Asker: 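Before anything else, here's the structure in question.
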Number of protein chains: 2
Amino acid sequence: MAGRKAAAPDPARSLALLWGSHTKPGRSGLTVRAIVDAAIALADVSGLEALSMRMVAERLKVGTMSLYTHVPGKGELTDLMFDQVYGDLYADLDEPLNQPGGWRGALEFIARRNWEVLTAHPWIHEVPTMRTALGPNITRKYETELRPLDGLGLTDVEMDSALTLVLTHVQGTARAGAEQLRTQRDSGLSDEEWWRQISPTLTTVMSGTHFPTAGRVGTSVGEHFQSAMDPAHALTFGLTTILDGLTPLITSRSAVQ
Amino acid sequence: MAGRKAAAPDPARSLALLWGSHTKPGRSGLTVRAIVDAAIALADVSGLEALSMRMVAERLKVGTMSLYTHVPGKGELTDLMFDQVYGDLYADLDEPLNQPGGWRGALEFIARRNWEVLTAHPWIHEVPTMRTALGPNITRKYETELRPLDGLGLTDVEMDSALTLVLTHVQGTARAGAEQLRTQRDSGLSDEEWWRQISPTLTTVMSGTHFPTAGRVGTSVGEHFQSAMDPAHALTFGLTTILDGLTPLITSRSAVQ
DNA sequence: AGAGTGTACCGTACATTGTACGGCTCAGGT
DNA sequence: ACCTGAGCCGTACAATGTACGGTACACTCT
């Protein structure tokens, strides 16, 4: 990254911002909320890396440095953006729990919701999540997502592990999809056009090497999805497999109870 | 990112570099290989984002712009780095296949090997992988990893989906672990110190809100792992679950044969 | 041996980034 | 009417990737 030291965001400062109430408009109407909203709108289009403090300021018709009155820096701003988009994820604390289909239906619902945010705001993948772990919305999300797993006989650690597994899968798959989309946008080439462009170079250069399985499977996948991969298919295949894998664990625990 | 246009890497140029033979030392001993090795060594320590062309040049005792004689730009350089670290992943094309334990043992072996590279070179997580998909080493890796799944009765698409699921899981978990480590390094704080620092702010600010499940489970996890998460545990829990989930699919297909 | 030529090498310049610093300007209290 | 403090912002700086144009060396051909 460029610029001055870009000092690591102060956790305590971030937390205060995250949990505090910010309803003091100032004399040009500038608010933490307005800044975060503007930043999210811009990031949705261009990504976090392309998002600059100058762009945010310009969109708000405000001097660049005015932002720093309300937000310590870009790092803390991304923390706020992150917490914000997870704010409306669930209608209430029991929405997944009230889903039909028991724990399995609940986890499917959770996966689908997370998938939706991730695809609506692909820049989330660029946010270092470790440090934001304690924002108010994130904490509520954790509570909401854990509840359907409570009382099934699982240990606390198992509950966390199961949830983490599902969320990691959704995130990884969504990330791959976002990357695919972004690559297409950046290059202006669709998957097919891209393939046509590199195809001659590839055949020239690949002559003499034989990868029979990779060749056959790669071709099948390409024909089936018209692409090198289909994120939606990967999501459901993986989710089904994971839930199938969790079933014996949960039924054995429930039986003991 | 800063700097000039930073034009998207030319796929064809990357491919030529990836597949071509580069054994022309030039008059100051500068080689594509040497550049890539230096870049990898630096990235291992500081990450991709902190890696700069100036740093690479300095390490090689060479002017910055000399690098551009051998490598079109930073984007293509990262492509080369990516392909390079996957070069020695497997001893031969049948190493996973020859593992004991059938397809399950093979997938466990594959997961472990991928985990090792990912933790040895955490910057891999920052590489946009879509465009590199066709490097020689990556293609061989795909072949090697698919073979243990061949002949089990799975369709080509199912073979690819199963492998992708395992690799996505390993990558996601490794990424979380890398992020955790990096956050610690950057802040100079261990998990415990970090917790002590934000704890007072948190209790002040969290008063009045009740998240019973999150609180109980979070505490249990923290006590069990001395941290908010344990990547190694997440890896094995998830892998076990996924393989358990794949078992019915594979046995049903094999039965039909 | 001498001349010519292409390629490896690199110094400088520039646009772009995050943000430190210090000044300006106003709202509100005394 | 004046003072004070907070919101606002112009300028400056360090760091980045790399375009551009120049320099110097290894080689080939005469």
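Here the structure is a predicted model, which means the values were calculated and not measured. Chain A is the first sequence line, chain B the second, and so forth, proteins listed ahead of strands; every chain is numbered from 1.
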Asker: Starting at CZ of A/R54 and ending at C1' of D/dG10, how long is that distance when rounded to a whole Å?
Answerer: 11 Å
Asker: Nearest whole Å is fine: how far is D/dA19 C1' from B/M53 CE?
Answerer: 13 Å
Asker: Do B/E116 and B/R113 meet the salt-bridge criterion of a basic N to acidic O distance under 4.0 Å?
Answerer: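 A salt bridge links B/R113 with B/E116.
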Asker: If you take any heavy atom closer than 4.0 Å to DNA chain D, which residues from residues 55-68 of chain B end up in contact?
Answerer: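 Those residues are B/T64, B/M65, B/Y68.
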Asker: Using the test side-chain contact (heavy atoms from CB on, under 4.5 Å), find all partners of B/S227 that sit at least two apart in sequence or belong to another chain.
Answerer: B/Q180, B/D191
Asker: If I take atom CD1 in residue A/I35 and atom P in nucleotide D/dC9, what distance separates them, rounded to the nearest angstrom?
Answerer: 11 Å
Asker: Quick one: list whatever passes side-chain contact (heavy atoms from CB on, under 4.5 Å) with B/D92, sequence neighbours left out.
Answerer: B/D94, B/E95
Asker: Under 4.0 Å between a side-chain N or O of B/H70 and OP1 or OP2 of C/dC9?
Answerer: yes
Asker: Taking only the side-chain heavy atoms of B/S52 (C-beta and beyond), determine which of C/dT19, D/dC8, D/dG17 contains the nearest atom.
Answerer: D/dG17
Asker: Which residues satisfy the side-chain contact (heavy atoms from CB on, under 4.5 Å) test with B/A39, sequence neighbours excluded?
Answerer: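 B/L51, B/V56, B/L77, B/M81.
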Asker: Find the distance B/K74:NZ to D/dA15:P and express it as a whole number of Å.
Answerer: 15 Å
Asker: Would you kindly give the CG-to-P distance between B/L48 and D/dT16, to the nearest whole Å?
Answerer: 14 Å
Asker: Find the distance B/E49:CD to C/dT17:C1' and express it as a whole number of Å.
Answerer: 12 Å
Asker: Going by the rule side chain to side chain donor-acceptor pair (under 3.5 Å), which residues pair with B/H125 if we only count those two or more places apart in sequence or in a different chain?
Answerer: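 If we apply the side chain to side chain donor-acceptor pair (under 3.5 Å) test to B/H125, skipping adjacent residues, there are no hits.
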Asker: For B/T173, give me all partners under side-chain contact (heavy atoms from CB on, under 4.5 Å), at least two apart in sequence or on another chain.
Answerer: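 Listed in chain order: A/T168, B/W115, B/H169, B/A234, B/L235.
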